[in-house]
Undergrad: 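Sharing a structure here in structure tokens format.
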Amino acid sequence: MSAIETPPQKTDGDRSVIDMSKMNEGQRAALQVTEAARESHDDISFVANLFMGRFRPGKLYPVTEIAAEEKARADVFLAELGAFLRDQVDPDLIDRTGEISAEVMAGLARLGAYGIKVPREYGGLGFSQTTYCRACMLIASHCMNVFAHVSVHQSVGVPQPLMLFGTPEQKKQFLPRVAGGELSAFALTEPGVGSDPARLTTEAKPDGDDYLITGEKLWCSNGTRAGLYIVIARTPPKLVDGKPRTQLTAFIVEANSPGLEVRHRCQFMGLHALYNGVIGFTNVRVPKANIVGGEGRGLKVALSTLNAGRLSIPACSIGVSKRALAIAREWGAERIQWGVPIGRHAAVAEKIRRIAAHAFAMEAMLIVTSRIVDRDKKADIRLEASMCKLWGTEKAWMCLDDVMQIRGGRGYENVSSLKARGEKPHPVERLMRDNRVTMIFEGSSEIMRLFIMREALDPHLKIAGVALNSERPWGERLKSAWAAAKFYSWWYPAQWLPFNGGAPADMHPHLAGHFNRVAALSRKLARTLFHQMVKFGPKLEKRQVLLGRLADIGSDLFALSASCVLAQKLLKDGEPEAKVFALVDDFAAQADLRIAQNFTGVGQNSDQHGYDLAQQIIAGEHIWLERGIL
């Protein structure tokens with residue numbers, strides 16, 4: 001890669017390139033905490049390159065198989081898991097009672113389902129991210145409650161952060177316990193803190209060789225049944241540039257510790273057996289040896305854990321979307337209206353086509369991202385994982401909404417009522433209730449879009465951020481401005497030229513056409529983002545709806561790229577060309593329409609008018625609209 005292509009790297013340690021001079025103390029503290037916890041990678045990912053107008057298919061292509069030894073073991077495990085779910089797990093009973101029975105938990109433990117990725121030396125199955133996601137997809141297609149139970153435990157509970165940041169002693173002490181079925185939970189959110197960790201109030205005070213944790217955590221999934229917790233708490237601040245900087249630290253906490261109590265079990269629209277609760281801490285003593293990742297690195301531990309953990313949620317989205325497809329296919333063929341199966345009516349066929357194409361693209365995104373993780377545990381997948389989560393959960397909801405409409409009243413009717421009437425009990429109503437939260441937890445769609453765009457802007461901030469930062473000395477700003485001018489004098493003209501890469505030589509020409517279109521659109525995306533930077537300057541961060549459109553364009557481009565990569569593998573594996581191309585072409589057609597609409601919306605929108613109206617409503621200026629209700 002040439003020097004022109006590679007932006008200069010940040011070398012300022014804890015100093016941010018972002019201008020905070022006009023921020024209030026709360027905004028400044030929040031940004032300082034999150035910026036300090038951000039990962040930094042010299043070798044940026046496929047999607048990060050897309051936002052810079054560079055097409056690097058080698059980061060995705062080709063999709064490789066998992067090792068033969070693992071595949072043989074994985075196929076046996078998944079077959080046994082599927083049989084257990086089918087024969088021993090009643091998802092409707094779990095939904096009605098809000099409980100996962102001890103027998104089901106014991107069965108999952110016997111199969112090793114609580115330690116799918118935990119290395120075999122610590123009592124786990126030692127499977128790859130790819131196999132783990134296959135297991136999550138399988139479980140979610142049958143019972144979302146069991147999926148959430150197993151996934152929270154492994155993806156964000158004790159196993160994942162320990163595998164990433166744990167000491168050898170911590171791994172030896174705790175991983176065999178969680179792999180064997182001792183449930184774990186993740187405690188970050190608080191009553192007054194959601195996506196703003198700088199406002200955390202749970203505090204860990206040093207006390208000799210221990211810490212004393214006091215505070216309260218909200219919406220702690222698995223928390224009412226867990227034996228171990230990962231708890232993020234505030235520790236004494238450190239001085240940065242002479243000013244105190246908030247420090248957050250991750251601890252492993254035993255559930256039986258004196259002072260720890262389950263104060264409330266939360267109840268939700270769906271996921272009735274989530275075992276989610278409010279957990280209180282009153283001078284809970286935790287040894288220093290239970291710090292994960294080092295003091296002051298708690299948010300980094302949390303964010304890194306969530307990056308990998310987020311991949312289980314799109315795996316769930318694929319499972320339910322495929323279930324929706326199966327229900328829609330069956331009902332579309334057997335339900336007769338006006339003399340023909342309803343699947344032959346264009347309005348219904350449109351929905352079936354949409355479910356199928358997006359289920360395929362979802363799976364493609366997850367497969368290529370999982371294989372990146374399997375090849376390199378330290379690979380930068382922040383953008384890919386975030387897009388899998390954002391795009392997958394929103395498109396899964398679309399699929400469920402479509403199958404609900406296709407099933408009509410039978411979709412809205414619950415399983416018990418359908419059974420009582422002698423009808424086939426497709427659980428569309430339950431699937432919708434259980435899945436709505438996937439667009440909220442582990443990063444809401446709104447936060448995901450902002451996160452994606454913060455990472456997309458990072459190369460530009462590294463190039464020009466210091467020049468625009470009024471808090472930096474003029475000498476630094478001028479030096480940065482000169483370097484930025486040199487970079488952009490080459491980079492910007494290149495975004496108008498068709499020389500940023502293309503499809504691999506061995507890709508089927510039919511797929512290469514779509515792939516090359518992504519390359520061209522990535523240049524347009526890079527130009528458009530740059531134009532908005534010039535237009536709005538530092539105020540661009542406030543244009544959240546506009547940034548959301550750019551994030552959605554990038555997500556569709558990634559989805560289309562992944563679809564082509566997976567399609568090439570399917571052709572290699574012997575799948576018929578016509579069937580594979582039908583799905584890829586149809587998804588490309590739908591994605592192209594969205595991409596064009598979002599590009600248009602960047603320049604033609606009513607965002608400011610809508611924002612102003614919303615502020616008037618909040619201020620009570622349109623309270624008259626609420627007349628006539630109770």
Side-chain angles (χ1 to χ4, degrees), residues 44-51 54-66 129-130 133-134 137 307 310-315 317-318 321-322 356-376 379-396 399 448 452 456 501-504 506-508 510-522 525 551-573 575 580-592 594-595:
I44 63 176
S45 71
F46 174 81
V47 171
N49 274 298
L50 281 185
F51 279 105
R54 299 193 291 258
F55 195 60
R56 298 291 179 266
K59 291 183 174 290
L60 301 183
Y61 182 88
V63 175
T64 55
E65 282 285 3
I66 59 176
Q129 182 71 38
T130 298
C133 286
R134 288 176 66 193
M137 180 179 74
N307 278 335
R310 282 191 182 110
L311 292 180
S312 66
I313 296 180
S317 297
I318 298 164
S321 297
K322 289 190 173 192
H358 286 83
F360 175 79
M362 274 183 236
E363 188 164 26
M365 294 170 78
L366 183 64
I367 287 174
V368 298
T369 305
S370 295
R371 295 306 293 143
I372 292 171
V373 175
D374 293 339
R375 290 193 298 268
D376 179 4
D380 180 12
I381 61 160
R382 289 170 295 175
L383 283 166
E384 285 78 0
S386 297
M387 287 181 173
C388 283
K389 197 275 182 184
L390 164 68
W391 199 92
T393 56
E394 291 193 346
K395 297 304 181 282
C399 293
M448 286 291 92
I452 287 167
D506 61 343
M507 178 171 275
H508 192 287
H510 189 97
L511 300 173
H514 294 306
F515 225 44
N516 289 331
R517 177 160 171 72
V518 172
L521 287 170
S522 74
L525 176 60
D552 287 345
I553 292 169
S555 298
D556 268 325
L557 291 178
F558 175 44
L560 183 51
S561 301
S563 296
C564 292
V565 170
L566 178 60
Q568 183 65 41
K569 181 182 184 302
L570 293 174
L571 295 181
K572 182 180 177 183
D573 292 345
E575 292 291 337
V580 174
F581 293 161
L583 278 169
V584 176
D585 291 350
D586 196 74
F587 174 71
Q590 296 182 62
D592 282 346
R594 284 194 298 266
I595 291 167

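On a predicted model such as this, the values are computed, not experimentally measured, just so you know.
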Undergrad: How close do A315 and C133 get, counting heavy atoms only, and between which atoms?
TA: CB-O, 3.5 Å
Undergrad: Measuring from K395:NZ to D556:CG, what's the distance to the nearest 0.5 Å?
TA: 6.0 Å
Undergrad: Below 4.5 Å, heavy atoms only, C-beta onward: do M365 and P314 meet side chain to side chain?
TA: no
Undergrad: Can you tell me how far apart CZ (R56) and OG (S561) are? Round to the nearest 0.5 Å.
TA: 13.0 Å
Undergrad: Would you find a donor on one side and an acceptor on the other, under 3.5 Å apart, between the side chain of N307 and the backbone of R382?
TA: no
Undergrad: Quick one: NE2 on H514 to CE on M507, what's the gap to the nearest 0.5 Å?
TA: 10.5 Å
Undergrad: Which heavy atom of S317 sits nearest a heavy atom of S321, and at what distance?
TA: O-OG, 2.7 Å
Undergrad: Are T130 and L366 close enough, and set up right, to give a side-chain contact (heavy atoms from CB on, under 4.5 Å), and what steps lead you there?
TA: CA-CA 8 Å; T130 298; L366 183 64; over 6 Å; no
Undergrad: Taking all atoms of both residues into account, what is the closest heavy-atom pair of S563 and F587, and its distance?
TA: OG-CD2, 3.9 Å
Undergrad: Donor-acceptor pair, distance only, cut-off 3.5 Å: does the side chain of S522 make one with the backbone of A519?
TA: yes
Undergrad: Atom CD1 of I367 and atom CG of D374: how far apart are they, to the nearest 0.5 Å?
TA: 11.5 Å
Undergrad: So, taking the atom named CZ in R517 and the one named CG in L560, what distance separates them when rounded to the nearest 0.5 Å?
TA: 9.0 Å
Undergrad: Output all residues satisfying ring pair (Phe, Tyr, Trp, His ring centres under 6.0 Å) with F55, sequence neighbours left out; order by chain, then residue number.
TA: F46, F515
Undergrad: Is there a side-chain contact (heavy atoms from CB on, under 4.5 Å) between W391 and H358 once you walk through the steps?
TA: CA-CA 10 Å; W391 199 92; H358 286 83; 3.6 Å; yes
Undergrad: Do you know the tightest heavy-atom contact between N516 and G502?
TA: OD1-CA, 3.3 Å
Undergrad: Indicate yes or no: at least one non-hydrogen side-chain atom of D552 is less than 4.5 angstrom from one of L390.
TA: yes
Undergrad: Do R310 and I313 have side chains that approach each other closer than 4.5 Å (heavy atoms only, starting at C-beta)?
TA: no
Undergrad: With a 4.5 Å limit on heavy-atom distance, are the side chains of L50 and L383 in contact?
TA: no
Undergrad: Decide yes or no on side-chain contact (heavy atoms from CB on, under 4.5 Å) for L571 and F581, but give the supporting numbers first.
TA: CA-CA 10 Å; L571 295 181; F581 293 161; 3.8 Å; yes
Undergrad: CG/L566 to CG/L570 distance, rounded to the nearest 0.5 angstrom?
TA: 4.5 Å
Undergrad: Locate the shortest heavy-atom distance separating S555 from M387; write the atom from each residue and the value.
TA: OG-CG, 3.4 Å
Undergrad: For the pair D380 (side chain) and I44 (backbone), establish whether a donor and an acceptor sit closer than 3.5 Å, ignoring hydrogens and angles.
TA: no
Undergrad: Only counting residues at least two apart or in another chain, list the ones meeting salt bridge (charged side-chain N to carboxylate O under 4.0 Å, His left out) with D586.
TA: R353
Undergrad: Within the 4.5 Å heavy-atom criterion, are R375 and T64 side-chain neighbours or not?
TA: yes
Undergrad: How about Q129 and T369: do any of their side-chain heavy atoms sit closer than 4.5 Å?
TA: no
Undergrad: Taking it one step at a time, do K569 and E65 satisfy salt bridge (charged side-chain N to carboxylate O under 4.0 Å, His left out)?
TA: CA-CA 10 Å; K569 181 182 184 302; E65 282 285 3; 2.9 Å; yes
Undergrad: Does the side chain of M362 reach to within under 4.5 Å of the side chain of C399, using non-hydrogen atoms?
TA: yes
Undergrad: Hey, are the side chains of V47 and K59 touching, using non-hydrogen atoms and a 4.5 Å cut-off?
TA: no
Undergrad: Could you go through V584 and F360, starting from their C-alpha distance and side-chain angles, then the distance that decides it, and tell me whether this counts as side-chain contact (heavy atoms from CB on, under 4.5 Å)?
TA: CA-CA 8 Å; V584 176; F360 175 79; 3.8 Å; yes
Undergrad: Check A562 against V368 and note the closest heavy-atom contact, atom names and distance.
TA: CB-CG2, 3.8 Å
